[in-house]
> 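This structure is in structure tokens; I'll ask about it shortly.
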Amino acid sequence: MKWKQQLDGMQAYKPGKPIEEVQREYGLQEVIKLASNENPFGCSPKVTAYLQNQAVNHALYPDGYAQNLRTAVAKHVGVQETQLLFGNGSDDIIAIITRALLYPGVNTVMADPSFSQYWHNAEIEGAEVRKIPCIEGAHDLDAMLVAIDEQTSVVWVCSPNNPTGVVIPDGALRAFLAKVPSDVLVVLDEAYIEYVTHPEHKDTLPLIEEYPNVILLRTFSKAYGLASFRVGYAIAQPEVIAKLDPVRAPFNNTILSQAVAAIALDDQGYIRACREANEKGKKQYVDFCEKHNLTYYPSDTNFIFFDSQADSDVIFQELMKRGFIIRSGNALGLPGFIRVTIGTETQNAALLAHLEEILTAQGVFA
Ligand SMILES: *Cc1c(COP(=O)(O)O)cnc(C)c1O
């Protein structure tokens, strides 16, 4: 058949291994997945209560405009309803942006390592991908500026960055945006915004007023604990949203997903509690890295990326045998590093005890 040439040799996204598969393979009763940055505490109890009693008519199409959720998010964020675009996860929004702006002959600039969907989608559309190496886990914004030329359509900025966890301070972000040509769309992916505690991070919403070529991406998959429901959204000027909206599939969220997202949004106390618990959990990992002199990147997310000083695929395997799923840096663009989602206090302590044993056996602490 006449496949797009770009699909030659292309592979589907490799997610973290599912829990059931690891249980079967290793004969384990309990497996803890700290591989995909889901909220270890789950979602707001208000969502759980709603799901137990909901009586939705599943035969009907959802509201393609997501009116109720739109009103709730517009109020929460403080924007007009016309400034929002909803997606089947922010993955969907990334695909929509790519489809709207990238094609053979244009290029797109992003950090490396960063979120793989940026280049994956760009390659499907046949655009040139310009990956700019991070410096100690941080975007090299100066080098990214140099990479932008007449043919650049989209620049991806992931803050905090997945997989490194590093957030871009307000000053550096503003200095960068001031220099990006106004006809280049800057996507600021804020999938972990709820976890940010960095003192130099400021509210990014004013940026879309000052720089109408900026679009913010947010998601209900991480801190809100609703990854299975697939809801993400974009915030931008109405003109930007209006251009992207025709590219969106007509019913790209479900009735249930719209309902639970609105309920979860309403429970900001839960998000605060999760952020506080995450800070404590992060400290468990930071203390471990400091104690053992392992290089780690300062994280403003619910995961931490650090140097195992060993073959990270081996560490991944060894942890899996012991019932923990993490991500090896080999799969994420930084061999030797591992990315661990910050779990509950008990999960973190258990994982770190195993890791201490494994790294000792690997001769790292000898
Ligand atoms: C998890 C993640 C996403 C995708 O989230 P969904 O809303 O579940 O599609 C997007 N960007 C980054 C950086 C992520 O880590």
Side-chain angles (χ1 to χ4, degrees), residues 12-16 18 33-40 42-43 66 69 73 84-99 108 110-122 131 134 137-139 154-168 173 186-196 201 204 215-235 244 248-249 252-254 256-258 260-261 264-265 271 274 278 297 299-305 325-327 329 331-334 339-342:
Y13 177 74
K14 276 205 194 74
K33 183 168 173 248
L34 296 173
S36 303
N37 311 332
E38 295 117 330
N39 187 334
C43 62
L69 177 61
V73 171
L84 299 172
L85 181 78
F86 288 90
N88 192 255
S90 41
D91 283 341
D92 186 26
I93 309 229
I94 293 168
I96 291 169
I97 291 170
T98 306
R99 200 167 166 213
T108 182
M110 63 196 69
D112 182 30
S114 192
F115 193 54
S116 62
Q117 288 304 296
Y118 311 149
W119 55 262
H120 184 86
N121 280 282
K131 289 185 187 177
C134 286
H139 283 50
V154 183
V155 177
W156 305 88
V157 176
C158 190
S159 179
N161 189 27
N162 179 3
T164 65
V166 177
V167 75
I168 303 173
L173 185 57
V186 180
V187 184
L188 187 57
D189 186 345
E190 305 186 307
Y192 300 94
I193 186 88
E194 296 82 7
Y195 288 112
V196 174
H201 180 270
T204 48
I215 187 165
L216 311 177
L217 303 194
R218 296 187 184 166
T219 180
F220 285 93
S221 296
K222 305 289 160 59
Y224 286 95
L226 296 175
S228 76
F229 282 101
R230 315 304 303 123
V231 189
Y233 61 96
I235 315 167
L244 294 172
R248 180 180 64 82
N252 59 337
N253 294 123
T254 67
L256 265 185
S257 59
Q258 291 174 13
V260 297
L265 190 69
I271 297 295
C274 289
N278 185 66
Y297 295 140
S299 170
D300 272 89
T301 64
N302 67 332
F303 60 84
I304 184 159
F305 201 45
I325 318 175
I326 58 143
R327 293 299 301 257
L332 298 170
L334 211 56
R339 192 192 69 192
V340 183
T341 302
I342 296 164

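Order of listing sets the numbers, starting from 1, for every ligand and every atom in it. What you see below is based on every heavy atom in this structure, not just the backbone, and it leaves out hydrogens, waters and symmetry mates.
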> Between Lys33 and Glu38, is the closest basic N to carboxylate O distance under 4.0 Å?
yes

> For Tyr118 and Phe115, take the angle between the two ring planes, folded into 0 to 90°, and tell me which bin it lands in: parallel under 30, tilted 30 to 60, perpendicular over 60.
perpendicular

> Is ligand 1 under 4.0 Å from a heavy atom in the side chain of Cys158, in the backbone, in both, or in neither?
side chain

> Take every heavy atom of Asn37, measure it against each atom of ligand 1, and state whether any distance is under 4.0 Å.
no

> What are the two closest heavy atoms between Leu332 and Pro113, and how far apart are they?
O-CB, 3.2 Å

> Does the residue Tyr192 have a heavy-atom contact with ligand 1, meaning some pair of atoms that are separated by less than 4.0 Å?
yes

> Quick one: look up the protein heavy atom nearest atom 2 (C) of ligand 1 and list residue, atom name and how far away it is.
Lys222 NZ, 2.5 Å

> Could you tell me whether some N/O pair between Tyr118 and ligand 1 is separated by less than 3.5 angstrom?
no

> Test your reading of the structure: does Ser90 have an N or O sitting under 3.5 Å from an N or O of ligand 1?
yes

> Using a strict 4.0 Å threshold on nitrogen-to-oxygen distance, state whether Arg230 and Asp92 make a salt bridge.
no

> Heavy-atom contacts with Asn162 under 4.0 Å: which atoms of ligand 1 show up? List them by number with element.
13 (C), 14 (C), 15 (O)

> Between Leu173 and Ser159, is the side-chain contact (heavy atoms from CB on, under 4.5 Å) condition met? List the steps.
CA-CA 10 Å; Leu173 185 57; Ser159 179; 5.7 Å; no

> According to the interplanar angle, ranging from 0 to 90°, do the rings of Phe303 and Tyr192 count as parallel (below 30°), tilted (30 to 60°) or perpendicular (above 60°)?
perpendicular

> Take Arg339 and Leu334, measure what side-chain contact (heavy atoms from CB on, under 4.5 Å) needs, and give me the verdict at the end.
CA-CA 10 Å; Arg339 192 192 69 192; Leu334 211 56; over 6 Å; no

> Does Arg230 reach ligand 1 with a nitrogen or oxygen that is under 3.5 Å from one of the ligand's nitrogen or oxygen atoms?
yes

> Which bit of Asp189 gets closer than 4.0 Å to ligand 1, counting heavy atoms only: side chain, backbone, both or neither?
side chain

